[in-house]
There are 2 protein chains.
Amino acid sequence: MLSKKTKYGLKALTYLAAQKGNKPVQISEIARHENISQKFLESILLSLRKTGVLGSKKGKGGGYYLIRDPEEVLMTDVMRILEGPIAMVPCVSLNFYEKCDDCPDEVGCSVHRLMLKVRDSALDVYRNTTLADLIP
Amino acid sequence: MLSKKTKYGLKALTYLAAQKGNKPVQISEIARHENISQKFLESILLSLRKTGVLGSKKGKGGGYYLIRDPEEVLMTDVMRILEGPIAMVPCVSLNFYEKCDDCPDEVGCSVHRLMLKVRDSALDVYRNTTLADLIP
DNA sequence: AATTACTCTATCTGTTTAATAGAGTAAACA
DNA sequence: TGTTTACTCTATTAAACAGATAGAGTAATT
């Protein structure tokens, strides 16, 4: 299940991408437009800023803005920041790999092989979708 | 993230599919072989029986067995039983559809459109994989 | 200097997951 | 027919996580 964090984050990013120009947009404006709890959105935008997707400007006329053009923001990056691993199981994760403690043989594991296929299909989607594709 | 329920369920199904013949296999045997808590596995196999994937036989020499040939057990069915919806968001789910209460316009929703693509790619995998493909 | 808005930490509640315990029931076999 | 074996079901629990909220603090603009 997609977390609300990711859902809200994607909506906020799309909202920013749809702006004319690249002026900072206030959190409150995004929250209002997208029906998101402002405080929750704060923490989401903060994590997007810390990972280099967004920039922020303080003071009057401040807010958040995209660092790069929407065409250059890949869904692989966004999803990993917001949702975490793209793989459904750590043992098939590219960026968050972890060995299963319960299964001795990774190659012979049926779950491993199935989830590898699922991961590849999801990666294929995320690698070929940018923030620009999400703008309505 | 894949739940342990699904993980264990898939392992148990694969174990049963790999059996010669189709004699009932005891829960305890499966649990031992696959490092699964026996009690937890009980409830998983039970749900697979109630949904027509497995059959069971009581008494001495009893246990669980596959109802159909492994080639005829689709991952779409197994995943829906064990993990629930294949879609990451209810508003793009085929079998578990639910409208989002927070977003007014489904067609204009960026999350909706992205998750539709992800669902389709996952479905493509599950529809073309049977239990037989999981046997090592 | 005052305002505005971002930054950060801490806390809280509800839900879900995973696991466990234990009593009950049904079928097989001697 | 009775005993064994193994499945069936309900209830309970602990841990983890998601989602949301509160409030004090800091930085930049006018």
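All values derive from a computational prediction rather than experimental measurement. Convention: sequence-line order gives letters A, B, ...; per-chain numbering from 1.
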Separation of [X] atom [atom1] from [N] atom [atom2], in whole Å?
X     : N      : atom1 : atom2 : answer
B:K5  : C:dT17 : NZ    : P     : 9 Å
A:Q38 : D:dG23 : CD    : P     : 15 Å
B:E83 : C:dA18 : CD    : C1'   : 13 Å
A:K4  : C:dT15 : NZ    : P     : 12 Å
B:L46 : D:dA6  : CG    : C1'   : 13 Å
A:K57 : C:dT7  : NZ    : P     : 13 Å
A:L2  : D:dC17 : CG    : P     : 17 Å
B:K39 : D:dA6  : NZ    : P     : 14 Å

Whether [X] contacts [N] is assessed here as follows: a side-chain N or O lying under 4.0 Å from the phosphate OP1 or OP2. Is that the case?
X     : N     : result
A:S28 : C:dA5 : no
B:S43 : D:dT8 : no
A:S56 : C:dA5 : no
A:K50 : C:dC8 : yes
A:Y65 : C:dC6 : no
B:Y64 : D:dA6 : no

What nucleotide, of [options], holds the atom closest to the side chain of [X]?
X     : options                : value
B:S3  : C:dA18, C:dA23, C:dA26 : C:dA18
A:Y8  : C:dA18, C:dT7, D:dA20  : D:dA20
A:F40 : C:dA27, D:dT21, C:dA28 : D:dT21
B:R49 : C:dA18, D:dT8, D:dG19  : D:dT8

* Could you check A:D102 against B:K4 for salt bridge (Lys or Arg N to Asp or Glu O under 4.0 Å), going step by step and ending with a plain yes or no? => CA-CA 11 Å; A:D102 57 320; B:K4 295 222 168 175; 5.9 Å; no

* Structure fact -> One should read off an interatomic distance between B:L16 CG and B:Y64 OH, to the nearest 0.5 angstrom, of 10.5 Å

* Asked: Can a donor-acceptor pair be found between the side chains of B:S93 and B:E98 at a distance below 3.5 Å?
  -> no

* **Connected via hydrophobic side-chain network under 4.5 Å: A:L134 and A:M79** => yes

* **5'-most by nearest nucleotide on DNA chain D - B:I27 or A:E42** => B:I27

* To do: Please examine the side chains of B:V111 and B:V92, heavy atoms only from C-beta on, and report whether any two atoms are closer than 4.5 Å.
  => no

